[in-house]
2 protein chains.
Amino acid sequence: MNLRELSAHLGLSQTTVSRALNGYADVAPATRRKVVEAAERVGYRPNSGARRLATGRSQALGIAFPVDRNLLLDPHFIEFLAGVAATAGEKGYDLTVSPTTGTEDEVYRRFARTRTADAVILSGPAVEDRRIALLNGLGLPFVVHGRTQTPLPYAHVDIDNRGAFRQACRLLLDLGHRRIALINGDEGQTFARDRRSGWQEALAQAGLADDPDCPSCCGAMTEENGYRFARTLLERTPAPTGLLCSSVLLAFGAYRAIRDLGLTVGRDVSVIAHDDDLPFLRPHTLDPPLTVTRSPIRKGGEQVADFAIRLATGTLIDQLTDVKPVDLVYRGSVAAPASG
Amino acid sequence: MNLRELSAHLGLSQTTVSRALNGYADVAPATRRKVVEAAERVGYRPNSGARRLATGRSQALGIAFPVDRNLLLDPHFIEFLAGVAATAGEKGYDLTVSPTTGTEDEVYRRFARTRTADAVILSGPAVEDRRIALLNGLGLPFVVHGRTQTPLPYAHVDIDNRGAFRQACRLLLDLGHRRIALINGDEGQTFARDRRSGWQEALAQAGLADDPDCPSCCGAMTEENGYRFARTLLERTPAPTGLLCSSVLLAFGAYRAIRDLGLTVGRDVSVIAHDDDLPFLRPHTLDPPLTVTRSPIRKGGEQVADFAIRLATGTLIDQLTDVKPVDLVYRGSVAAPASG
DNA sequence: GTGTTTTTCCAAAGCGCTTTGGGTTACGAT
DNA sequence: ATCGTAACCCAAAGCGCTTTGGAAAAACAC
């Protein structure tokens with residue numbers, strides 16, 4: 001059933017039916033009702049290609065899907081994607097994912113030229129990210145999940161990573177910890193860099209700036225790395241008594257390392273991690289329950305999608321920036337350091 | 001740059017340029033070369049909406065993205081999706097993901113009516129899956145990742161889950177184990193049901209059909225459940241000496257339970273899991289390294305996408321079915337049972 | 001040289017929708 | 001009765017592409 005058939009069936013012109021369905025003003029309420037009902041009844045849906053062609057807009061959001069095996073954020077990405085998909089779907093937008101290996105340039109070029117997407121979503125921004133300039137050049141509206149260094153304004157939603165880790169570190173300091181290590185994600189990415197800043201700020205405020213007993217390491221956020229890093233850090237002398245982990249998965253590894261070294265989480269070593277609220281990684285089920293700075297990454301995806309759609313429909317960039325504060329959830333993995 | 005401009009620029013008709021670009025026969029080789037080069041040079045890409053409208057095909061694959069938080073296969077799904085996206089992209093197809101909560105019917109209806117996707121991909125089929133009938137009714141080509149019960153033929157790619165678990169179970173039996181438990185995924189899903197069958201078959205062959213000392217349990221494949229299930233099973237008397245896990249994540253939990261009970265993997269309890277080859281869950285990094293039946297789920301995604309595209313371009317269903325055998329990778333988590 | 005086929009190209013007709021730029025009709029105001 | 005003014009509706013023109021059904025040119029056969 002297409003528009004022509006539907007309007008013939010109704011004895012109205014295509015124009016009227018189209019306008020009735022799209023909420024234009026100059027359609028009598030009674031007519032509109034009839035049209036909407038009929039459309040509903042026969043299950044009419046406008047052909048997406050035709051609408052795309054006529055309006056020049058695709059009612060779709062684009063996102064590059066990095067399919068390299070080394071994708072650091074694998075589990076985070078899908079949760080983020082779920083959020084994006086959820087609001088996109090809610091607002092009648094499709095979500096077109098395009099695979100990329102290495103650079104995403106080609107994907108964005110294609111989105112722009114074929115008008116496959118009205119706006120694109122950028123995730124996992126690096127501290128210096130070439131993609132921003134590219135997208136600006138292409139004139140393709142985009143929303144960044146996270147932040148990056150650029151002179152131009154850009155739509156983004158982020159969480160206060162710096163504040164979160166500052167607060168987490170300060171908690172440990174207030175409890176009396178003096179040797180606090182950071183197990184971070186890839187510091188080429190902004191979120192990791194920001195967390196490092198937060199950690200450093202708190203240390204500096206406590207007079208521990210660049211203290212060699214407060215070491216750090218970074219890398220892919222896997223359980224395996226969490227284990228390796230924690231083990232390396234805890235085998236130093238003096239060993240840190242506090243561990244800040246950039247993800248729950250890293251914390252899983254850290255827990256394992258701590259146990260393997262014959263130590264106890266909470267008593268010998270306090271652990272705090274950032275929790276993106278992944279459904280299969282539940283920090284409170286650990287023993288002892290893991291203290292976290294918590295911010296559901298899915299919510300981020302939802303907001304990004306919302307921004308992207310608003311951007312595609314004319315909202316100005318400077319109204320589309322948001323940085324959410326992060327909660328600190330205090331649980332049993334944190335305690336005052338043993339008085340030795 | 002659109003087709004009209006490009007053809008004007010070349011001094012040719014739109015028809016000729018279009019046909020040259022789309023590989024039709026009736027274009028002189030020299031002309032075609034000129035056209036292709038010019039298109040390349042100016043970066044011409046056909047407008048996807050226009051092409052969609054003209055051809056009735058969207059050059060896109062559709063997939064429903066279950067965004068419910070209870071999505072069991074979360075980490076598996078993205079890896080699968082990565083495979084799908086990779087080959088789709090390679091062959092010039094877009095991938096449209098549509099979020100669903102609960103039933104996917106509405107999504108498929110929309111795909112069919114708006115012709116948003118030329119074929120759809122069905123993942124995680126249940127033993128009895130209503131979606132199959134729906135899609136058949138809608139006339140929307142589809143490929144299933146996995147299998148299901150239905151009288152009609154349908155395109156699918158699957159792995160030999162039954163064979164894999166039969167083989168895994170038989171390995172334990174051959175080593176002398178007599179009490180082998182199964183920790184399975186949700187048995188509403190075919191893959192889990194098949195694995196159970198494989199386990200049962202091997203037990204039956206060894207004269208252990210329905211042996212009460214060979215218990216099983218099933219549920220969402222999380223670390224947490226792995227722990228709970230393993231713990232429950234191992235606290236029975238007599239306790240099983242072999243554990244078959246439906247995912248590496250479950251095995252992670254099982255390892256933890258075994259340790260917590262003061263037992264040792266390999267020596268006291270042998271563990272085998274199915275490994276979908278998720279990048280952040282590496283079975284060989286466990287201690288001891290985990291024996292697995294291994295089959296990269298990403299490869300499955302790739303093949304499904306390939307089938308879907310072939311299906312959309314006219315290949316017959318009965319040529320689009322494949323069930324891959326599964327490797328058994330023997331590692332340190334398996335040994336003969338302690339002779340007590 | 002004429003008739004026939006093959007090769008190469010093109011004009012024009014859609015695909016199904018939105019949107020422009022009027023037309024009609026109805027109705028209150030003059 | 002006449003004139004605006006809303007309110008409602010429509011015909012027709014695209015959007016950028018593919019594809020049908022030739023036409024013109026070239027190649028071949030006789």
Side-chain angles (χ1 to χ4, degrees), chain A residues 1-36 38-39 42-60 92 94 110-116 118 312-314, chain B residues 1-36 38-39 42-60 92 94 110-116 118 312-314:
Chain A
M1 172 72 69
N2 60 26
L3 188 64
R4 186 161 45 82
E5 290 162 358
L6 178 63
S7 46
H9 172 66
L10 280 163
L12 289 168
S13 75
Q14 292 192 37
T15 310
T16 303
V17 176
S18 173
R19 302 189 75 111
L21 255 22
N22 291 323
Y24 279 66
D26 61 351
V27 172
T31 311
R32 180 186 314 264
R33 205 172 324 112
K34 245 188 310 186
V35 171
V36 169
V42 302
Y44 167 76
R45 292 292 172 105
N47 174 299
S48 64
R51 165 176 271 177
R52 211 175 259 220
L53 180 57
T55 61
R57 289 181 302 107
S58 58
Q59 292 273 321
D94 280 331
R110 205 171 54 76
F111 278 155
R113 286 201 291 234
T114 66
R115 300 257 107 220
T116 290
D118 295 338
T313 51
Chain B
M1 172 72 69
N2 62 23
L3 188 65
R4 188 160 44 80
E5 290 161 358
L6 178 62
S7 47
H9 172 64
L10 279 163
L12 289 168
S13 75
Q14 293 192 36
T15 310
T16 303
V17 176
S18 172
R19 301 189 78 111
L21 255 23
N22 290 324
Y24 279 66
D26 62 350
V27 171
T31 311
R32 173 178 322 234
R33 205 169 327 114
K34 246 187 312 186
V35 170
V36 169
V42 303
Y44 167 76
R45 292 292 172 103
N47 174 299
S48 64
R51 164 176 272 176
R52 213 172 256 220
L53 179 56
T55 61
R57 289 180 302 107
S58 59
Q59 292 272 320
D94 279 331
R110 206 171 53 77
F111 278 155
R113 286 201 292 235
T114 66
R115 301 256 105 221
T116 289
D118 295 337
T313 51

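To find a chain, count down the sequence lines: A is the first, B the second, and so on, and within it residues start at 1. The shown structure was predicted, so the numbers you read here are calculated from the model rather than taken from an experiment.
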Sugar-phosphate only, base, or nothing, as touched by Ser18(B) at under 4.0 Å among non-hydrogen atoms: base
First and last nucleotide of DNA chain D, 5' to 3', lying under 4.0 Å from heavy atoms of chain B: dG16(D) to dT20(D)
Check: Ala312(B) main-chain N/O paired with Asp118(B) side-chain donor or acceptor under 3.5 Å: no
Thr16(B) vs Ala54(B), nearer the 5' end of DNA chain C by closest nucleotide: Thr16(B)
Exercise: identify the closest heavy-atom pair between Glu5(A) and Met1(A): OE1-CA, 3.1 Å
Closest non-hydrogen atom pair, Arg32(B) against Ala20(B): NH1-O, 3.5 Å
Divergence of helical axes at both termini of the helix from dG1(C)-dC30(D) to dT30(C)-dA1(D) - five pairs an end, 10° steps: 50°
By side-chain hydrogen bond (donor to acceptor under 3.5 Å, both in side chains) - contacts of Thr313(A) (at least two apart): none
Any residue meeting salt bridge (Lys or Arg N to Asp or Glu O under 4.0 Å) with Asp94(A), in chain and number order, not counting sequence neighbours: Arg110(B)
Backbone N/O of Thr116(B) and side chain of Ser58(B): donor-acceptor pair under 3.5 Å: yes
Sugar-phosphate only, base, or nothing, as touched by Thr55(B) at under 4.0 Å among non-hydrogen atoms: sugar-phosphate
Pairs under 3.5 angstrom only: tabulate donor-acceptor contacts from the side chains of residues 22-30 of chain B to other protein residues two or more places apart or in another chain.
residue, atom, partner, partner atom, Å
Asn22(B), OD1, Arg51(B), NH2, 3.2
Asn22(B), ND2, Ser18(B), O, 3.2
Asp26(B), OD1, Arg19(B), NE, 3.2

Heavy-atom closest contact (Tyr44(A) atom, Leu21(A) atom, distance): CE2-CD2, 3.7 Å
Near-strand residues of residues 1-12 of chain A, defined as heavy-atom separation under 4.0 angstrom from DNA chain D: Gly11(A), Leu12(A)
Heavy-atom closest contact (Ala60(B) atom, Arg52(B) atom, distance): CB-NH2, 4.2 Å
For DNA chain D, the residues among residues 42-51 of chain A that have a non-hydrogen atom under 4.0 Å from it: none
For Ser7(A) against Val17(A), the heavy-atom pair lying closest together: CB-CG2, 3.5 Å
Distance test, side-chain N/O of Ser13(B) to OP1/OP2 of dC9(C), below 4.0 Å: no
Counterpart residues, side-chain contact (heavy atoms from CB on, under 4.5 Å), relative to Ala54(B) (two or more places apart): none
Partner residues of Arg45(A) under the salt bridge (Lys or Arg N to Asp or Glu O under 4.0 Å) criterion, sequence neighbours left out: Glu106(B)
Thr55(A): partners by side-chain hydrogen bond (donor to acceptor under 3.5 Å, both in side chains), with sequence neighbours left out: none
Sugar-phosphate only, base, or nothing, as touched by Arg19(B) at under 4.0 Å among non-hydrogen atoms: base
Residues within residues 21-34 of chain B bordering DNA chain D, heavy-atom distance below 4.0 Å: Asn22(B), Tyr24(B)
Results of side-chain hydrogen bond (donor to acceptor under 3.5 Å, both in side chains) for Thr31(A) - residues two or more places apart only: none
Gly43(A) backbone acceptor or donor facing Arg113(B) side chain under 3.5 Å: yes
